[in-house]
Number of protein chains: 2
Amino acid sequence: MSKDEVILLDFWVSPFAIRAKIALEEKGVEFEAREEDLLGNKSELLLKSNPVYKKVPVLLRNGKPVSESSIIVSFIDEAWPSPPFLTPCPYERSVARFWADFIDKKLFDAGGKIWRSKGEELELAKKEFIEIVKLLEGALGDKDFFGGEIFGFVDIIAIPLTSWFYAYEVFGGFKVENECPKFSAWMKRCNERESVAKYLPDPTKVYEFVCMMRKMHGLE
Amino acid sequence: MSKDEVILLDFWVSPFAIRAKIALEEKGVEFEAREEDLLGNKSELLLKSNPVYKKVPVLLRNGKPVSESSIIVSFIDEAWPSPPFLTPCPYERSVARFWADFIDKKLFDAGGKIWRSKGEELELAKKEFIEIVKLLEGALGDKDFFGGEIFGFVDIIAIPLTSWFYAYEVFGGFKVENECPKFSAWMKRCNERESVAKYLPDPTKVYEFVCMMRKMHGLE
């Protein structure tokens with residue numbers, strides 16, 4: 001389709017990098033994913049491409065870097081317009097951006113509190129996490145996807161984070177399916193898509209990664 | 001131009017509400033600003049329109065609410081396309097979004113640490129704040145505005161926050177002009193614009209507001 005050189009600075013378990021991979025796959029853009037060694041040996045290209053945060057993902061299109069995963073997904077949507085991730089309606093776009101931003105601000109941090117906490121703090125973290133997912137379930141409503149019938153912007157922003165849910169469930173002692181059945185059904189629907197099935201890591205591998213993180217943080 | 005009913009749920013000193021007012025003014029959109037009483041007596045309309053955060057600004061266009069100021073500015077740009085706040089180039093748009101997001105994540109919180117801190121903590125807060133403004137100065141470079149020759153998206157996101165700088169300078173004992181002369185020159189350029197001059201509050205009024213906040217927080 002294009003002669004673009006598209007490189008993604010990647011880390012397999014990063015839900016933020018997965019957003020970019022799903023978005024590129026949905027657009028049919030060929031790319032090279034370069035796995036970064038984030039524990040103390042980041043590549044020169046990463047440090048040079050994202051000097052402010054020094055984090056993955058970074059998308060390089062013909063050498064030009066784009067950072068911050070939600071911005072990368074917007075960039076992919078605008079650089080390769082078909083199929084679009086957002087409707088043309090300004091109001092609906094603002095609703096999609098609101099929920100994408102809400103997910104960015106709340107979901108991963110709330111999940112992180114679950115595997116970092118114990119006792120009363122863990123109970124609070126669990127309650128907060130479930131409240132966030134319930135709000136998202138409310139935004140989803142009875143629709144197939146956040147934007148309606150078509151897998152789009154908010155779905156791409158949200159679904160990669162769900163690969164960490166199994167780990168949250170194990171450490172929190174709860175089931176998202178019991179708390180938020182409609183959200184859980186949306187997760188299943190998304191997982192039937194090729195782009196999602198291809199790039200979402202096995203939840204048990206994510207769980208093992210979280211166990212390693214807990215050891216590194218002196219929590220086990 | 002339009003028969004739209006446009007209402008902004010506002011608070012005079014909120015830099016986030018000011019973003020919306022400048023954006024509407026730049027587009028030539030008539031609107032009604034409704035001042036909210038944020039200290040314990042928020043309007044039913046605010047609570048109903050922004051149930052997730054219950055914060056200003058909220059923009060209502062014909063009754064449909066949009067929340068979160070950066071999303072409001074994007075909505076205004078897409079709902080009233082002329083003059084555009086962003087270039088059509090996907091890469092340049094991603095660069096603008098990166099810096100707007102950086103400002104959202106860093107600048108106001110860093111300033112807040114200055115007026116909330118004392119002693120060593122204040123020194124650290126000041127250092128962090130100046131580093132953030134220096135990064136923005138680097139992004140501005142030798143351009144007139146963040147996007148080049150035209151006042152646009154990042155300028156609208158950034159300039160309202162500068163109305164709090166005088167308060168930060170007084171409590172932090174520094175001058176942005178001495179630390180970041182190019183950024184300071186950009187502030188002056190923006191202040192020459194009608195939309196900015198019309199809606200940016202007097203920095204000494206913001207300072208008085210911050211003094212009141214410090215008293216409320218038991219800091220004076």
Side-chain angles (χ1 to χ4, degrees), chain A residues 2 4 6 20 23 27 29 49-53 55 57-81 85-106 109 131-132 134-136 138-139 153-154, chain B residues 2 4 6 20 23 27 29 49-53 55 57-81 85-106 109 131-132 134-136 138-139 153-154:
Chain A
S2 71
D4 285 328
V6 180
K27 298 285 188 177
V29 176
S49 303
N50 189 0
V52 172
Y53 301 115
K55 289 193 307 189
V58 175
L59 184 76
L60 293 121
R61 184 194 191 192
N62 302 324
K64 285 184 168 178
V66 182
S67 300
E68 295 297 89
S69 64
S70 295
I71 295 170
I72 291 173
V73 174
S74 290
F75 171 76
I76 291 168
D77 197 28
E78 296 181 348
W80 295 279
F85 296 155
L86 287 166
T87 74
C89 166
Y91 180 72
E92 286 174 16
R93 293 162 77 89
S94 78
V95 173
R97 287 185 181 127
F98 178 87
W99 289 111
D101 178 71
F102 174 79
I103 292 162
D104 274 350
K105 283 175 176 153
K106 303 281 186 182
D109 284 354
E131 277 170 14
I132 289 165
K134 278 188 194 295
L135 277 171
L136 289 172
F153 190 71
V154 181
Chain B
S2 71
D4 285 327
V6 181
K27 298 285 189 177
V29 177
S49 304
N50 188 1
V52 173
Y53 301 114
K55 288 193 306 189
V58 175
L59 185 77
L60 293 122
R61 184 193 190 194
N62 303 323
K64 285 185 170 179
V66 183
S67 300
E68 296 295 271
S69 63
S70 294
I71 294 169
I72 291 173
V73 174
S74 289
F75 171 75
I76 291 169
D77 196 28
E78 296 181 348
W80 295 278
F85 295 155
L86 287 166
T87 74
C89 166
Y91 180 71
E92 286 173 16
R93 293 163 77 89
S94 78
V95 173
R97 288 186 181 126
F98 178 87
W99 289 111
D101 178 71
F102 175 80
I103 292 163
D104 274 350
K105 283 175 177 152
K106 302 282 185 180
D109 284 354
E131 276 169 15
I132 289 165
K134 278 187 195 295
L135 277 170
L136 290 171
F153 190 70
V154 181

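Chain letters run A, B, ... following the sequence lines, proteins first and then strands; every chain starts at 1.
If you measure heavy-atom distances from V95(B) to chain A, you find no contacts under 4.5 Å at all. Contacts between P65(A) and chain B at a heavy-atom distance below 4.5 Å involve backbone atoms as well as side-chain atoms.
Remark: D109(B) pairs with no residue by the side-chain contact (heavy atoms from CB on, under 4.5 Å) rule, at least two apart or across chains. Taking the side-chain contact (heavy atoms from CB on, under 4.5 Å) definition, one finds that A23(A) meets it with V73(A), I76(A), F85(A), I156(A), sequence neighbours left out. Partners of D101(A) under the side-chain contact (heavy atoms from CB on, under 4.5 Å) rule, at least two apart in sequence or in another chain, are K105(A), Y53(B), E68(B), I71(B).
Using a 4.5 Å heavy-atom cut-off against chain A, the contacting residues of residues 87-94 of chain B are P90(B), Y91(B), R93(B), S94(B).
Between F102(A) and W99(A), the angle of the ring planes goes over 60°, which puts this pair in the perpendicular group of the 30/60° scheme.
For the atom pair I103(B) CD1 and L135(B) CG, the distance stands at 11.0 Å (nearest 0.5 Å).
Residue K134(A) qualifies as enclosed at atom NZ: its count of foreign heavy atoms under 6.0 Å is above 12.
Using a 4.5 Å cut-off on side-chain heavy atoms (C-beta onward), P57(B) and I72(B) make contact.
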